[in-house]
Structures are given as structure tokens and as C-alpha cells.
Asks: 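This is the structure I have questions about; it appears just below.
Everything quoted here is computed from the prediction, not taken from an experiment. A, B, ... follow the sequence lines: proteins, then strands. Residue 1 opens every chain.
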2 protein chains.
Amino acid sequence: MDPSPNPFNRDCPTRQLLDRIGDQWTVLIVGALAEGPLRFTEVGKRVDGISQKVLTQTLRSLVRDGLLTRTAYPVIPPRVEYALTPLGRDLAEPLDMLDRWARGHMAEVERARDAYDRENTSVSA
Amino acid sequence: MDPSPNPFNRDCPTRQLLDRIGDQWTVLIVGALAEGPLRFTEVGKRVDGISQKVLTQTLRSLVRDGLLTRTAYPVIPPRVEYALTPLGRDLAEPLDMLDRWARGHMAEVERARDAYDRENTSVSA
DNA sequence: CTGTATCCTATAAGATACTG
DNA sequence: CAGTATCTTATAGGATACAG
């Protein structure tokens, strides 16, 4: 089974990773934790715009995937820290490449969009 | 403007790139075209499971973003070829890093999931 | 502080039918 | 072949209220 392990086949590892990071929050959370462990609220503050619900969901599924550890300290008020596992730290590297690319090239993408939109305005109705 | 160009702020380049590749088809299409230009139908065949509608949409937005060129040959039947631009080829590199990571580590993620699920079964109701 | 539970909506994306 | 158009559903994600 899994006769064609190429990225275009549905069950290949790459497709699965894309499902994983495709939620667009994963990358940001892993990036935030790349600098060190953070507690729940801290992660939320770092990742601008994420709702508490989605933060909870994403953190849990990252823990499930073995990318994060969750450490709850039995104190009042509760203190829960999230940290990258070795696997998570490993993922942070290619993610960082993407980050660099974005910083270096997204402006160019912006320009391309503007140019495209200019060419395709006025037309239509 | 853009006082905090960090990946966690909403308007930063990284966020925009994530919106771009977060649709999960972008990565696959760019990956397919990394090996050379393809016509419309060919791309569809490479990217397993994509619908024609989504293929059309994604290709167009990639062209808009300056990552792909679209060349229509005025013949019957129509022949339209898509190819990476230099910018697109450039993006293909970090994407390929992700691909490598996935091939190397997704099995480990699978194992983590299984372990997590085993620990969290039986419990509940 | 760290969640859970519920409701609600916007949107991605599949299926299908049709066109130059 | 290479799309366009329309309908429909699944799901991500936001808002809000509540709990340990």
C-alpha cells in the first residue's frame, strides 16, 4: 500500500504535513515557541488575532502530534507551559526558511498583485 | 506603518505568505511545476484530488501573485501552459525543505498521534 | 489562569452542467 | 481542452458565557 509516495498522492507524508500546518496557526505557534517555552496566555498574546478556542484546539493537536509538550503546574491560579519537543524544534527549521522567504519576497508578490489587478480592472461590466 | 514586522502581527509578510500557501493546493501545484511547465489538465492529474474549479482558482491566483505564468496557445483544441516564474522557482526551494521534513518525520508524528490516542481512550464517559 | 461548551457565520471546496 | 457558472455541504474559526 501507499504505492506512490509522491507529494501529489493523497496519503503521502507531505499531504499530511500540509493538513497539519495548513490551518495557518500551527506555523505561528511553533514559531512563537521556537524562542522558548510559553504559557497558554503568552502564546495567545504572541499570535495576534487567534481566538481562545482556536488556540486551545491548535495547542492540543500539536501536543497530540508530538510537536509540543504541555506541562501543567498544580498551583492556583493554574500555570500551563507549552514547549517544543525535539521534533517540534526540528520542524521549526524549515518553517523558518519559509519565514525568511516571506520577508524577502512578499513585497514582490504584492507588486505582482497590484500589476495584475491594474490590468484586469476597467474590463468586465 | 507596519511597526512590528514580526510573524505574529497580522500584516506581516509571513502571515500573508501563510494565507497564500495555507490553502494547501498552492504547495502542491508549485511542487508539480517545479519539474517543468505543465498544461492545465496535466497539473490536475498531478495533484491528486483537486477539483477543476479549485484548480482554476488556484492557478489564477498564483498567476496574480507573480508565481506562475500562463501561456495560451491559440490552437484548436486550446492549449494552456503554466510555468513557474523566477519568483515561483524561488519559493519552490523552502517548500521543498518542508517536503523533505514531511518525508523524514511524518511517520514519527503518526506514532505520536497513536500514542496520544491510546492514552486518551477508555477515559471519558 | 486555563480551559470547556454552545451558537453562529463565512468560506473553502466538491459535484455537476454548460461553453468557446 | 480549458475553462465558467451554480448549487450545496463541510468545516474553520469567531463571539460569548461559564467552570475548575
Asks: Just the rounded figure in Å: distance from P of D/dG3 to CD of B/Glu81.
Replies: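 Whole-Å distance recorded here is 12 Å.
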Asks: Once you round it to whole Å, what is the distance between P of C/dA13 and CG of A/Asp23?
Replies: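 A/Asp23 atom CG is separated from C/dA13 atom P by 13 Å.
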Asks: Check this for me, if you would: do A/Asp99 and A/Arg103 make a salt bridge, where the nitrogen-to-carboxylate-oxygen distance has to be below 4.0 angstrom?
Replies: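 Yes, A/Asp99 and A/Arg103 are salt-bridged.
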Asks: Should A/Thr41 be listed as having a side-chain N or O under 4.0 Å from OP1 or OP2 of C/dC1?
Replies: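 True: A/Thr41 side-chain N/O within range (under 4.0 Å) of C/dC1 OP1/OP2.
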Asks: Measure CD1/B/Ile50 against C1'/C/dG14 and give the value in whole Å, please.
Replies: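 So the CD1-C1' distance, B/Ile50 to C/dG14, works out to 11 Å.
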Asks: For the pair A/Arg15 (side chain) and B/Asp48 (backbone), establish whether a donor and an acceptor sit closer than 3.5 Å, ignoring hydrogens and angles.
Replies: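 Yes, because the side chain of A/Arg15 sits within donor-acceptor range (under 3.5 Å) of the backbone of B/Asp48.
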Asks: Roughly, in whole Å, what's the span from CD in A/Gln24 to P in C/dA10?
Replies: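 Rounded to whole Å, this separation is 18 Å.
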Asks: Look at the side-chain N and O atoms of A/Arg39 and state whether any lies under 4.0 Å from the OP1 or OP2 oxygen of C/dT2.
Replies: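 Indeed, a polar side-chain atom of A/Arg39 lies that close.
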Asks: Can you check the B/Gln57 CD to C/dA12 P distance for me, whole Å?
Replies: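 Answer to the nearest Å: 8 Å.
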Asks: Would you tabulate the side-chain donor-acceptor contacts of residues 59-67 of chain A under 3.5 Å, counting partners in other chains and residues two or more places apart, or write 'none'?
Replies:
{"residue": "A/Ser61", "atom": "OG", "partner": "A/Arg20", "partner atom": "NH1", "Å": "2.7"}
{"residue": "A/Ser61", "atom": "OG", "partner": "A/Arg20", "partner atom": "NH2", "Å": "3.0"}
{"residue": "A/Ser61", "atom": "OG", "partner": "A/Thr58", "partner atom": "O", "Å": "3.3"}
{"residue": "A/Arg64", "atom": "NH1", "partner": "B/Asp117", "partner atom": "OD1", "Å": "2.8"}
{"residue": "A/Arg64", "atom": "NH1", "partner": "B/Asp117", "partner atom": "OD2", "Å": "2.6"}
{"residue": "A/Asp65", "atom": "OD1", "partner": "B/Arg113", "partner atom": "NE", "Å": "2.6"}
{"residue": "A/Asp65", "atom": "OD2", "partner": "A/Arg20", "partner atom": "NH1", "Å": "2.9"}
{"residue": "A/Asp65", "atom": "OD2", "partner": "B/Arg113", "partner atom": "NH2", "Å": "3.1"}

Asks: Just jot down the side chain to side chain donor-acceptor pair (under 3.5 Å) partners of B/Arg111, sequence neighbours excluded, or say none.
Replies: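 So B/Arg111 forms no side chain to side chain donor-acceptor pair (under 3.5 Å) with any residue.
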Asks: If I take atom CG from residue B/Leu95 and atom OG1 from residue B/Thr26, how far apart are they, to the nearest 0.5 angstrom?
Replies: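 So the CG of B/Leu95 and the OG1 of B/Thr26 are separated by 8.5 Å.
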Asks: CG of A/Leu55 versus P of D/dG14: gap in Å, rounded?
Replies: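 Value for this atom pair: 11 Å.
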Asks: Taking atom P of C/dA12 as reference, at what distance in whole Å does atom CD1 of B/Ile21 sit?
Replies: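 Whole-Å distance recorded here is 16 Å.
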Asks: Rounded to the nearest angstrom, tell me the gap between atom CG in A/Asp48 and atom P in D/dG13.
Replies: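 The distance from CG of A/Asp48 to P of D/dG13 comes to 15 Å, rounded to the nearest Å.
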Asks: Can you measure from CG (B/Leu18) to CG (B/Asp23) and round to the nearest 0.5 angstrom?
Replies: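 Atom-to-atom, B/Leu18:CG and B/Asp23:CG are 11.5 Å apart.
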Asks: What string of B, S and - do you get for nucleotides 3-9 of chain C, 5' to 3', if B is base contact, S is sugar-phosphate-only contact and - is no contact with any protein heavy atom under 4.0 Å?
Replies: BB-BB--
